[in-house]
Amino acid sequence: MNQKSAMLECMGTRAWACERDETQKVSERTITVRAFWADEVVEVVGRLTDTRLFTMPGGPTGPIHDMELRLAIGRDDYVIRDVFAKMYATPHLDCSDIEPAFDQLEGVSVSRGYSRAVQERLGRERGCSHLEFLARAMGTVALQGVSNANRLERQSQPEESPGGFVPGPWMQNTCHLWAEGGIIEQKLELGWKPGSISPVPALAEWQAGRVTITPPPPGA
């Protein structure tokens, strides 16, 4: 059995078109989100592009959606301090009229309740479904970006005591691992320190005492 056949067998009985014929692809959406450390803030830049992979009479020859959203997040409080929204390609020229509405995200915290706050301000007829979707997708990257920037700053200060990432309360109940009293909390109680080992072994390995963490070398 070749590699492709083995993959199809593992995926079940369906012969997925995406695995056998790339020419059948009719649409493609790409989303990229990047975070940049910029002094007291972290700038999070998201880009959403939709491409229709077939020709329609009078239709666009390039992406039908191409839009960008930038958020500047305070590193001390996780609050959005500045917003920039721009639509570079849209199916209707009126679409870009909604760009200023995304300024409503200024003052919103990207911690607990962020997705709900975005939907309340910009969901459905109040905004653009594509930019609103992108804004919500950027929330977790914003949290990771702030945490990583703060950790890098601590590591750059020799006088500070070494320490890894400290989970914030906003992480609780964000997924099945972070459920209250769940796997993550049990691993923390068993001695796991975020950033100390990757990938993190399964909970059963910690419970059996089979996990050994090697301390980082001095100055690391």
Side-chain angles (χ1 to χ4, degrees), residues 25-54 56 58-153 165-176 178:
K25 182 164 60 176
V26 293
S27 294
E28 182 174 82
R29 167 171 289 185
T30 59
I31 295 176
T32 59
V33 184
R34 298 171 295 163
F36 301 84
W37 177 6
D39 298 323
E40 297 305 311
V41 301
V42 165
E43 295 176 357
V44 183
V45 181
R47 190 81 174 246
L48 180 148
T49 304
D50 279 333
T51 304
R52 184 185 290 131
L53 301 175
F54 61 92
M56 293 182 64
T61 56
I64 57 174
H65 298 113
D66 184 12
M67 46 194 66
E68 182 178 82
L69 183 64
R70 303 178 187 179
L71 306 175
I73 317 293
R75 289 175 48 211
D76 58 342
D77 56 9
Y78 293 91
V79 171
I80 298 173
R81 299 185 183 177
D82 203 2
V83 181
F84 171 83
K86 183 67 175 177
M87 298 183 178
Y88 302 104
T90 59
H92 296 269
L93 296 181
D94 314 272
C95 289
S96 58
D97 294 347
I98 202 64
E99 290 172 353
F102 283 78
D103 290 345
Q104 297 177 72
L105 293 177
E106 189 170 339
V108 171
S109 171
V110 296
S111 59
R112 189 182 298 273
Y114 170 70
S115 291
R116 182 175 62 253
V118 173
Q119 290 177 311
E120 288 173 350
R121 290 162 174 78
L122 299 161
R124 298 177 66 83
E125 73 281 2
R126 295 178 294 278
C128 161
S129 61
H130 309 290
L131 267 184
E132 185 258 341
F133 175 80
L134 179 60
R136 288 189 286 114
M138 292 167 65
T140 53
V141 180
L143 294 172
Q144 294 167 0
V146 171
S147 297
N148 289 340
N150 291 342
R151 182 180 179 187
L152 286 171
E153 184 175 58
F165 167 67
V166 179
W170 47 265
M171 299 191 73
Q172 192 174 74
N173 294 323
T174 55
C175 76
H176 72 284
W178 285 95

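Values below: all heavy atoms of this structure, side chains included; hydrogens, waters and symmetry mates excluded. Starting from 1, each residue takes its place in the sequence as its number. Only a predicted model underlies this, so the values are computations on that prediction, with no experimental measurement involved.
Listed by first then second residue, pairs satisfying ring-ring contact (aromatic ring centres under 6.0 Å, His included) with a partner in residues 129-151 read H65-H130, not counting sequence neighbours. The list of side chain to side chain donor-acceptor pair (under 3.5 Å) pairs with a residue in residues 84-94, not counting sequence neighbours, reads E68-Y88. The ring-ring contact (aromatic ring centres under 6.0 Å, His included) analysis of residues 103-122, with sequence neighbours excluded, yields no pairs. Applying the salt bridge (Lys or Arg N to Asp or Glu O under 4.0 Å) definition to pairs two or more places apart or across chains, those involving residues 133-145 are E132-R136.
Summarising the local packing, CZ of R116 is surrounded by 12 or fewer heavy atoms from other residues, nucleotides or ligands at distances under 6.0 Å.
A pairwise comparison of heavy atoms in L152 and W37 identifies CB-CZ3, 3.7 Å as the closest pair. Smallest separation of non-hydrogen atoms from C128 and M67: SG-SD, 4.1 Å. Heavy-atom minimum distance, T140 versus A137: OG1-O, 3.8 Å. When all heavy atoms of A35 and G145 are compared, the pair lying nearest together is CB-CA, 4.1 Å.
Note that the OG atom of S129 and the CD1 atom of I98 stand 11.0 Å from one another [nearest 0.5 Å]. Atom CD of E99 and atom CG of L131 lie 8.0 Å apart (nearest 0.5 Å).
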The test is side-chain contact (heavy atoms from CB on, under 4.5 Å); show your working for L143 and V110 and say whether it passes. CA-CA 7 Å; L143 294 172; V110 296; 3.9 Å; yes

Run the numbers on T32 and T30 for side-chain contact (heavy atoms from CB on, under 4.5 Å), then give the verdict. CA-CA 7 Å; T32 59; T30 59; 5.6 Å; no

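Counting only distance, with no hydrogens or angles, the side chain of E153 and the backbone of N150 share no donor-acceptor pair below 3.5 Å.
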Using distance only, find each side-chain donor-acceptor pair of residues 39-46 under 3.5 Å and give its atom names and separation, not counting sequence neighbours.
none

Going by atom type alone, with no hydrogens or angles, which donor-acceptor pairs under 3.5 Å involve a side-chain atom of residues 117-127 and a protein atom two or more places apart or on another chain?
| from | atom 1 | to | atom 2 | distance (Å) |
| --- | --- | --- | --- | --- |
| R121 | NH1 | A117 | O | 3.1 |
| R126 | NE | E120 | O | 3.0 |
| R126 | NH2 | Q119 | O | 3.1 |

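In summary, of the residues considered (D82, V108, V141, L105), a side chain to side chain contact (heavy atoms under 4.5 Å, CB included) with L71 occurs for L105 alone.
In this structure E106 satisfies the salt bridge (charged side-chain N to carboxylate O under 4.0 Å, His left out) test with no other residue, sequence neighbours excluded. Residues that satisfy the side-chain hydrogen bond (donor to acceptor under 3.5 Å, both in side chains) test with D77, not counting sequence neighbours, are absent from this structure. Applying the side-chain hydrogen bond (donor to acceptor under 3.5 Å, both in side chains) test to R34 and every residue at least two apart in sequence or in another chain returns nothing. For T49, the side-chain hydrogen bond (donor to acceptor under 3.5 Å, both in side chains) test picks out D66, with sequence neighbours left out. Taking the side chain to side chain contact (heavy atoms under 4.5 Å, CB included) definition, one finds that D103 meets it with V83, sequence neighbours left out.
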